[in-house]
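Report on one structure; see the data block that follows.
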Amino acid sequence: MRLPACFAVALCLAAMLVNPTVAQDAPGGAFKDGWNTWAETKVGDYVQYRLAAGLTVTYELKSIAEDGTLTIEIANFSAEGGELSRREIQRTVDKAPVQAKAPGAEIATQWGTAEYEMADIKLPCETVTWTGDKITGSTWFSRSVPCGGVVKSGTDGADTVWLVGFIKDGTSYALTHEEPEPEPEPEPEPLPDALAGYGDPIAMGLPEKVRKQMQDQGTAITRMRLYFKDDSGAEDGVSLEYEGMYTEVPIIYAAFDSDRCDKALSYKDWLARDGRFVDLGFDIKTRPKTLKGMEVKIEHSHLQGETETTLSTFEISRPEPGDPWESLRLRGARPGINRYTLIVTYTDSKNQQSEQRGFSHWVIVAAPPMFEFTNQATGVATQTQAGGLTLLDAEVRLDGSFLLHHGLDAADCTLRISKRGKREFNLESLPPDVRRAIERDATPLGWQELGRCELNGGTIGGRRAATVEDSFVKITFKHAFAAASNVLPVTEDWEYRFELHHRGTHQALATWTANISLKINRPDEIGKAKLKVTATGMAEPLLVPFEKK
């Protein structure tokens, strides 16, 4: 049974995707005069081909053995760029795979020459065409292309495989333009290690100025929609001519379609997205319908408190006249509030270029309030002989640090420190007036606030407690202990609570704690006694012995 020509081509493409070496091993005379470029290919050389179905195939020479055997890595990728397969094969030069080849001697062929233009080079090519059973085929080869030398192949005048890039002798070359042109996807900015996030994820509330902008542009979008829906179908924009003077003002409707856009992402969903992407959809209409030199961009900015910073600008391919604008997937969204703004640039009839900012869309990404949280404790304890007494002194220092949520402004945040616990002495040997003073200063039960301060340069109890350096917040706190052997037994049992607060909420965004404990019953236990410190984020407790001074 003979298959239709179109079906045979589809089967051929499927075979190439499942196993790129099937029916492609060069038989030595695959090209005119029996050449291919594997013999001249060097380790590290690489080629990339696009298939009409949208998939991509790559070949890279990984190594050359002493006997000349080539180790070649072949990889397949989906239309969205996801890796489908990757494997290595070993072949001699005459059996190395090529992406396409000329037909056998039983089919009449016509050879010629042509040029294949890439961004930085014009490749001289040898071309071959032939006519088979209800099908016409063609293949282009170039001695300048490594890993075989194939440039492109097609059937019935349509390209089915074409070269989109290659690396030769360490230099990269790329195709000037592809159809369809790929969506620009810059590398996302490095973000904090997701596993180091601390605290429950929070979703930032929109600032009042943003709410007002959304309300205003919602009204404007409705008016523009009515204009384009109910106008008389005129092709021109607003124009005025008076005494030989002429002016024109194009009318541009550029707005995001809320139904096709992400609005809010949970932290879990955001983490699962490759490149931290968001999906956006928009529409652009103009009067006149065709604006000379019209270009469209989307500007991505991010809000940190009231401060807005531009992160990226994406150039958007304009569809053919009559075709709709398509949905986009843009990478690099950050925790907090992300704004995407449409920008339209065009040239009027006087050859003057203008730029118009369209409407904006906001995407809120939830995330923990703190990243890369660490907590360290250090301590010094001493014992000093003073007559018949042993004096005990100790100090513990707690140092915490973290990177603040991208959407939070440190100026809007505060630190609150509280404590609860007890310090007990045997007061029987002390004079009555001293005993009364110590009992009067006894700490009441429950949590007691020690103080609040700003994150940048704030102080609690006269000591610097918080600073912001290189985007990191550093928290420093000290606990002191002093006693003498005549007040034993002594008990030290304290819990400290550190809270990160934001002016936009009454609840703490994140909380971490530290515990300090000590128990000495008799003077002979001082040499073995250790102050014990545990804290959030510390894998092991800190034990501080009383060293003789």
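Bear in mind that the values here come from a model prediction, so they are computed numbers and not experimental data.
- Environment of CG in Asp399: crowded, with over 12 heavy atoms of neighbouring residues, nucleotides or ligands closer than 6.0 Å.
- Judged by distance alone, the side chains of Ser301 and Glu308 do bring a donor and an acceptor atom under 3.5 Å apart.
- Remark: His406 NE2 to Leu311 CG distance equals 9.0 Å, nearest 0.5 Å.
- Counting heavy atoms from C-beta outward, Ser266 and Pro201 have side chains that stay 4.5 Å or more apart.
- Around NZ of Lys268, the count of heavy atoms belonging to other residues, nucleotides or ligands within 6.0 Å does not exceed 12.
- Within the 4.5 Å cutoff, the side chain of Asp279 has no heavy atoms near those of the Ser327 side chain.
- In this pair, Phe498 and Trp512 present their aromatic rings parallel. The plane angle is below 30°, not in the 30 to 60° band.
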Determine whether Glu299 and Thr310 satisfy the following criterion, side chain to side chain contact (heavy atoms under 4.5 Å, CB included), listing intermediate values before the conclusion. CA-CA 7 Å; Glu299 182 181 88; Thr310 300; 3.8 Å; yes
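- Paired with Val150 under the rule side-chain contact (heavy atoms from CB on, under 4.5 Å), one option of Trp140, Tyr49, Trp162 passes, and it is Tyr49.
- Inter-residue side-chain proximity for Tyr340 and Asp262 is flagged as unmet; no heavy-atom pair is nearer than 4.5 Å.
- A ring-ring contact (aromatic ring centres under 6.0 Å, His included) with Tyr198 is found for one member of Phe371, Phe402, Phe373 and no other, namely Phe373.
- We find the OG-CD distance between Ser172 and Gln48 to be 10.5 Å, quoted to the nearest 0.5 Å.
- A donor-acceptor pair is defined here as one N or O able to donate and one able to accept, closer than 3.5 Å; no such pair exists between the side chain of Trp38 and the backbone of Thr92.
- No side-chain donor from either of Thr536 and Asn375 sits under 3.5 Å from a side-chain acceptor of the other.
- Listed for the Trp270 side chain is a donor-acceptor partner under 3.5 Å among the backbone atoms of Ala333.
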For the pair Thr160 and Ser153, evaluate side chain to side chain donor-acceptor pair (under 3.5 Å) and give the outcome as yes or no after the intermediate values. CA-CA 6 Å; Thr160 54; Ser153 183; 4.5 Å; no
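- Of the possible polar contacts, one joining the Ser142 side chain to the Pro124 backbone as a donor-acceptor pair under 3.5 Å is found.
- No hydrogens or angles considered: nothing links the side chains of Thr129 and Ser138 as a donor-acceptor pair under 3.5 Å.
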Go through Leu342 and Phe256 one step at a time and tell me if the side chain to side chain contact (heavy atoms under 4.5 Å, CB included) criterion holds. CA-CA 8 Å; Leu342 286 164; Phe256 289 93; 3.7 Å; yes
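- Between the side chains of Asp169 and Thr171, not a single donor N or O lies within less than 3.5 Å of an accepting N or O.
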